[in-house]
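Values in this document were obtained by computation on a predicted structure and should not be read as measured data.
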Amino acid sequence: MNAADRTARHAFPAKRLFLRSLAAGAAALAMGMSAHAATPVLNIGTVVWIGYGPFYVAESLDLFKKYGIKVKLQPFADPALIPPALASGSLQGAMLTYDQVIGQVAKGQMQKVVMPIDYSNGGDAIVADASISKIADFKGKKIGYNPLSPSDFLLSYAMKTAGLGEKDITPVNMTPEAVPAAMASGQMPIGVTYEPSLSQVLGQGGGKKFKVVFSSKDAPGLIADVLVFDDKAIKSSPKEISAVIQGYLDGMAYMKSKPEESAKIIGKFMGVSAKEAKEQMAGVYNIPLAEMPAAFEKSASTKSYYASGEIIAGLLKAKGQIGAVPPAESTFDGQFVRALQKK
């Protein structure tokens, strides 16, 4: 699997790269929720990302039908187009990264997380050569990474644990896919990337040349994907939103009970083989219902939006991407997962 076979993790305003070319104008084709149809249709914006597998399965098998709705996934080639489509009403919901939500709310768009979907679980990592043994060794070194991306968030968080900041390193702007070659050439002692580029780095020199110094396993929840609805929709269509979540949970249950069939469905949507889809699943963690409420609770854990949001918003503000840090409570609404957990 080469670098083109993996979506680039999106960050505000950086772009995800995709496994296949998708029409950016998909939002224009969105049908919306029809007041005249027997079954409400919800158009949900998405990108091609392995963590969204349960949604791909649920749509393919029409698992939303039993909850009285139909969900149509609208793939976007440019994730930056999804929030505007949501704001315009072309979409009723969207799958975004949490940093996108913070950026939108900071700009006055009331788009809220209603359900955590997944977080990177080792699929994103900081890799280094033999001269680096710990985070403190980063001081004065060149580090290759994509600014204002999840790679940036991961690096900033890791350096913060060692009392370091951006002024202590020499940042080198590069895409995650460019990191393996840069490190192989000896130009870069440290890089931040994700799968499959991560495995490409670690496989060099018979697996002895480079190592993981810090990964998303050390900051679970920091690089997170979420289901988002506009605040108006949350107030006007709570039953439909709950139905979307329930259909997604059924998709996740199907993946657990029938992994081979699920891998085929997900691979087809993503344009990869079932084997490749299964390999990519190892780098993400789809959050089960029992663990979802924790994302909305105050905690020092990066699994909480209070903690991860503070890190992400602080970085976005420091780099001039947002004018002010929005209150954490303005970025999410946990009522739906809490209600489903009590059933």
Side-chain angles (χ1 to χ4, degrees), residues 3 6 8-9 11 14 97-99 118-224 282-285 299-304 306-319:
R6 171 70 159 86
R9 302 310 307 275
T97 48
Y98 185 48
D99 53 283
D118 68 77
Y119 58 75
S120 178
N121 189 39
D124 297 73
I126 305 171
V127 287
D129 63 25
S131 69
I132 308 296
S133 61
K134 55 187 182 299
I135 302 297
D137 295 337
F138 290 7
K139 191 168 185 177
K141 300 294 193 302
K142 289 197 298 184
I143 303 180
Y145 64 95
N146 189 10
L148 291 168
S149 74
S151 292
D152 196 347
F153 304 146
L154 185 67
L155 177 62
S156 295
Y157 179 80
M159 291 197 300
K160 185 178 179 181
T161 65
L164 300 179
E166 189 173 358
K167 68 181 186 305
D168 296 308
I169 66 169
T170 301
V172 180
N173 187 338
M174 66 175 59
T175 65
E177 291 83 5
V179 170
M183 295 189 73
S185 69
Q187 299 176 40
M188 205 71 52
I190 308 166
V192 191
T193 188
Y194 50 73
E195 293 291 9
S197 297
L198 175 58
S199 290
Q200 292 171 14
V201 174
L202 297 177
Q204 294 178 31
K208 298 179 180 180
K209 191 172 182 180
F210 301 109
K211 60 182 178 296
V212 171
V213 181
F214 193 92
S215 82
S216 51
K217 279 188 177 181
D218 300 303
L222 183 64
I223 301 175
V284 297
Y285 179 70
S299 167
S301 168
T302 46
K303 292 180 182 179
S304 164
Y306 286 93
S308 61
E310 181 181 3
I311 295 166
I312 294 168
L315 180 60
L316 293 176
K317 186 174 185 299
K319 298 196 175 185

Enquirer: Checking Val172 now: which residues fulfil side chain to side chain contact (heavy atoms under 4.5 Å, CB included) with it, not counting sequence neighbours?
Expert: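 Expected list: Lys142, Met174, Met188.
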
Enquirer: Contact between Thr302 and Tyr119 at the side-chain level, heavy atoms closer than 4.5 Å - yes or no?
Expert: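 No, their side chains stay 4.5 Å or more apart.
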
Enquirer: Is Ser197 close to Val179 at the side-chain level, that is, under 4.5 Å between some pair of heavy atoms?
Expert: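 Contact flag for Val179/Ser197 side chains = no.
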
Enquirer: Does Lys209 NZ have over 12 foreign heavy atoms under 6.0 Å away?
Expert: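 Enclosed: over 12 neighbouring heavy atoms sit under 6.0 Å from NZ of Lys209.
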
Enquirer: So if I apply the side-chain contact (heavy atoms from CB on, under 4.5 Å) rule between Tyr194 and each of Pro176, Ser216, Ser215, which one comes out positive?
Expert: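 The option that passes is Pro176.
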
Enquirer: Do Ser304 and Ser299 get their side chains close enough for a donor-acceptor pair, meaning under 3.5 Å?
Expert: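 No donor-acceptor contact under 3.5 Å links the two side chains.
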
Enquirer: Quick one: does Ser308's side chain get under 4.5 Å of Tyr98's, heavy atoms only?
Expert: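 Ser308 reaches Tyr98 side chain to side chain.
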
Enquirer: Taking the side chain as C-beta and beyond, is there a heavy-atom pair between Asp124 and Val192 under 4.5 Å?
Expert: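 Result no, sub-4.5 Å side-chain heavy-atom pair not found.
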
Enquirer: Applying side-chain hydrogen bond (donor to acceptor under 3.5 Å, both in side chains), name anything that partners Gln187, two or more places apart in sequence or on another chain.
Expert: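 Here the qualifying residues are Ser185.
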
Enquirer: Are side-chain heavy atoms of Val284 and Asn121 found at a separation under 4.5 Å?
Expert: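 They are not in contact (no side-chain heavy atoms under 4.5 Å apart), so the answer is no.
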
Enquirer: Under the rule for side chain to side chain contact (heavy atoms under 4.5 Å, CB included), what residues qualify as partners of Lys167, not counting sequence neighbours?
Expert: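 For Lys167, no residue satisfies side chain to side chain contact (heavy atoms under 4.5 Å, CB included) once neighbours in sequence are set aside.
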
Enquirer: Applying side-chain hydrogen bond (donor to acceptor under 3.5 Å, both in side chains), can you list everything that pairs with Asp137, at least two apart in sequence or on another chain?
Expert: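 Checked Asp137 against side-chain hydrogen bond (donor to acceptor under 3.5 Å, both in side chains); matches are Ser133, Lys134.
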
Enquirer: What pairs with Thr193 under side-chain hydrogen bond (donor to acceptor under 3.5 Å, both in side chains), at least two apart in sequence or on another chain?
Expert: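 Here no residue qualifies.
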
Enquirer: Hey, does Ile132 have a side-chain heavy atom less than 4.5 Å from the side chain of Lys141?
Expert: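 Yes, side chains in contact.
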
Enquirer: Please round to the nearest 0.5 Å and tell me the distance separating atom OG1 of Thr161 and atom CZ of Phe214.
Expert: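 Reported value, rounded in 0.5 Å steps: 5.5 Å.
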
Enquirer: Only counting residues at least two apart or in another chain, list the ones meeting side chain to side chain contact (heavy atoms under 4.5 Å, CB included) with Lys211.
Expert: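 Partners of Lys211 by the side chain to side chain contact (heavy atoms under 4.5 Å, CB included) criterion come out as none, since no residue qualifies.
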
Enquirer: Closest approach of Phe153 and Leu222, non-hydrogen atoms and distance?
Expert: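 Scanning both residues, the minimum pair turns out to be O-CD2, 3.7 Å.
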
